[in-house]
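Just below is one structure, and these are the notes that go with it.
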Amino acid sequence: MYLVCGEALFDFFSEDDASGLASKVNFKAIAGGSPFNVAVGLRRLGVDVALFAGLSTDYLGRRLQQVLNDEGVRPDFLVDFAAPTTLAMVAVSANGSPHYSFRGEGCADRQLKPEHLPALGPEVRGLHIGSYSLVLQPIADTLLALVQRESGKRLISLDPNVRLNPEPNIDLWRSRIATLVAYADLIKVSDEDLNLLYPEEDPQRVIEGWLQHRCQLVFLTRGGEGATVFSGVHGSWSVPASSVEIADTVGAGDTFLAALITWLTEQQRDSVEGVHSLSREHIDGMLNFAVRAAALTCSKTGPDLPYRHQLALH
C-alpha cells in the first residue's frame, strides 16, 4: 500500500454564462488537490492506497470523503476537523495551463499536527508528499516529521508542485524543498517549479545536486516538450510528449507521479532497494508509461485521471 499525504480540496472552474451578465458567474466544482489527485490516480491505476489528510466536517468535506470512498481509497488515515474546506479558483489559459487562486486560511487540510501522525505497519510500502502542504503550517512540520521518521525504511517520493498563491514566500519554499530532498528516494519536478525555485540556475545542475543525497531518480516534466529522467547511476535522457489534443493540463503532473509509483508497484520494485536495483531499461519503461498516462489526463477537462485499462498493458 502507498500512503499519500497532503491536501484535499475543491477546484472551482469558471464557465461561460449564456446570459452574458457580468453579475453572474457559473462554476463547475471538481474534487482535487495534488495529493488527493495522486491518491485517486494510484487507485485508478490499480494500486492499494490511502490518503493521510485533514478533511472538513462541512458539506464539501463530506463530498471529498465520498469521492475517496467511491474511488476505493482507504479511509484509515483521514482526520476530521470542524474547519472549512479549501477552495481553489482555477482559470485555464489558452495553452491549457491552470492558474490558481486559493481560499484556504484556517481550512481543514492545513490542520494536521504531529499528534495526528499515524503508526505505520509493514503493509505501507511508501509515502508521497507534495504541493502547498509542504510549506503551510501546521501540516508542513507534521509531514517533515513523518518523512524524517520513515526515510530509509520506506520509499519516499516528493513533488514540490509549487503554489505561490497560498504561500508567496519563495524563500520558504526553497528552504523547505532543500530540507525534504535529503529524505526522498524519488523526485518528480516540473520545469515551471524549477524556474520558480531557482530562476538563475541551470535545471540540470540543481537536479544533479539533489542526486548527491539519497535520491536515486529525478523526473523533470516539461509540458509539451516531454520529460527527462536523471539517474545517479545511468545518466539522463528525454522522451517526447505523447501527441494528444489538449483540453487542459490540470492533474497531468499528479498523473505522471501516480504512474511512476504504479510502474514500480507492478514490477515489485516499490521499495528503497527496488529503486536502487533499476536498470536503464527499467527506468525508460517507467518514464514512457508516465508520459502516456499524463497525456490521457491532458485530453480531458480537469483532473480526470486515467484507469489502468486505458493504458497499453506491459
Side-chain angles (χ1 to χ4, degrees), residues 3-15 24-44 49-92 98-118 128-143 146 159-168 248 250-251 253-255 257-258 297 301-305:
L3 181 62
V4 182
C5 312
E7 69 265 16
L9 51 83
F10 264 93
D11 290 319
F12 279 70
F13 294 83
S14 60
E15 296 185 321
K24 184 178 181 182
V25 181
N26 291 337
F27 288 99
K28 177 168 67 174
I30 301 176
S34 178
F36 180 96
N37 290 339
V38 171
V40 169
L42 282 167
R43 191 69 203 104
R44 288 186 176 188
V49 63
L51 180 66
F52 176 45
L55 289 187
S56 173
T57 54
D58 69 11
Y59 170 73
L60 290 177
R62 298 304 84 178
R63 289 294 292 259
L64 288 170
Q65 188 170 51
Q66 185 62 52
V67 173
L68 293 170
N69 290 342
D70 292 347
E71 294 284 353
V73 176
R74 291 191 183 211
D76 313 48
F77 301 91
L78 298 173
V79 182
D80 282 347
F81 292 99
T85 298
T86 295
L87 309 182
M89 317 308 288
V90 188
V92 178
H99 299 275
Y100 296 91
S101 175
F102 292 85
R103 276 69 171 166
E105 188 68 33
C107 287
D109 57 347
R110 306 181 183 194
Q111 302 305 316
L112 290 176
K113 297 178 181 178
E115 57 260 36
H116 297 118
L117 284 176
H128 172 68
I129 56 171
S131 199
Y132 68 70
S133 291
L134 304 179
V135 295
L136 294 176
Q137 299 297 355
I139 188 174
D141 284 352
T142 303
L143 296 187
L146 180 63
D159 177 6
N161 199 30
V162 177
R163 294 286 178 260
L164 293 181
N165 186 275
E167 177 46 75
D248 64 45
V250 178
D254 302 326
T255 303
L257 189 286
T297 299
T301 301
D304 188 0
L305 282 69

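- How far OH of Tyr132 is from CZ of Arg163: 10.5 Å, rounded to the nearest 0.5 Å.
- Shown here is Glu115, whose CD atom has more than 12 heavy atoms of other residues, nucleotides or ligands within 6.0 Å.
- Within the model, atoms CG of Leu257 and CG of Asp159 stand 5.5 Å from one another, a figure rounded to the nearest 0.5 Å.
- Shown here are the side chain to side chain contact (heavy atoms under 4.5 Å, CB included) partners of Pro114, two or more places apart in sequence or in another chain: Thr142.
- You'll find the side chain of Pro166 reaches within 4.5 Å of the side chain of Arg110, heavy atoms only.
- Under the 4.5 Å side-chain criterion, counting only non-hydrogen atoms from C-beta, Phe12 is not in contact with Arg103.
- Note that CG of Asp304 is 8.0 Å distant from CD1 of Ile30, once rounded to the nearest 0.5 Å.
- One side chain, Ser131 or Glu7, offers a donor N or O that lies under 3.5 Å from an acceptor on the other.
- How far CD1 of Ile129 is from SG of Cys5: 7.5 Å, rounded to the nearest 0.5 Å.
- At a threshold of 4.5 Å between non-hydrogen side-chain atoms, the residues Leu112 and Phe77 do not count as touching.
- One finds the CG atom of Asn37 at 8.0 Å from the CG atom of Leu9 (value rounded to the nearest 0.5 Å).
- When the options Val4, Leu143, Asp76, Ile139 are evaluated for a side-chain contact (heavy atoms from CB on, under 4.5 Å) with Phe52, the one that passes is Leu143.
- Pairs engaging residues 55-70 under the salt bridge (charged side-chain N to carboxylate O under 4.0 Å, His left out) rule: Arg62-Asp80 [sequence neighbours left out].
- Nearest heavy atoms, Thr86 versus Cys107: OG1-CB, 3.2 Å.
- Within the 3.5 Å criterion, the main-chain N or O of Gly130 finds no donor-acceptor partner in the side chain of Asn161.
- Annotation for Phe36 and Ala8: closest pair CD1-CB, 3.6 Å, computed over non-hydrogen atoms.
- For Gly106 against Ala83, the heavy-atom pair with the smallest separation is O-CB, 3.5 Å.
- Contact check for Val38 versus Leu42: side-chain heavy atoms found under the 4.5 Å cut-off.
- Side-chain atoms of Arg44 come within 3.5 Å of backbone N or O of Leu305 as a donor-acceptor pair.
- The minimum heavy-atom distance between Asp254 and Ser34, with the atom names listed, is OD1-OG, 2.5 Å.
- Smallest separation of non-hydrogen atoms from Ala82 and Thr57: CA-OG1, 3.6 Å.
- Heavy-atom minimum distance, Thr85 versus Ser56: OG1-CB, 3.2 Å.
- In this structure, CG on Asp11 lies 10.0 Å from CE on Met89, to the nearest 0.5 angstrom.
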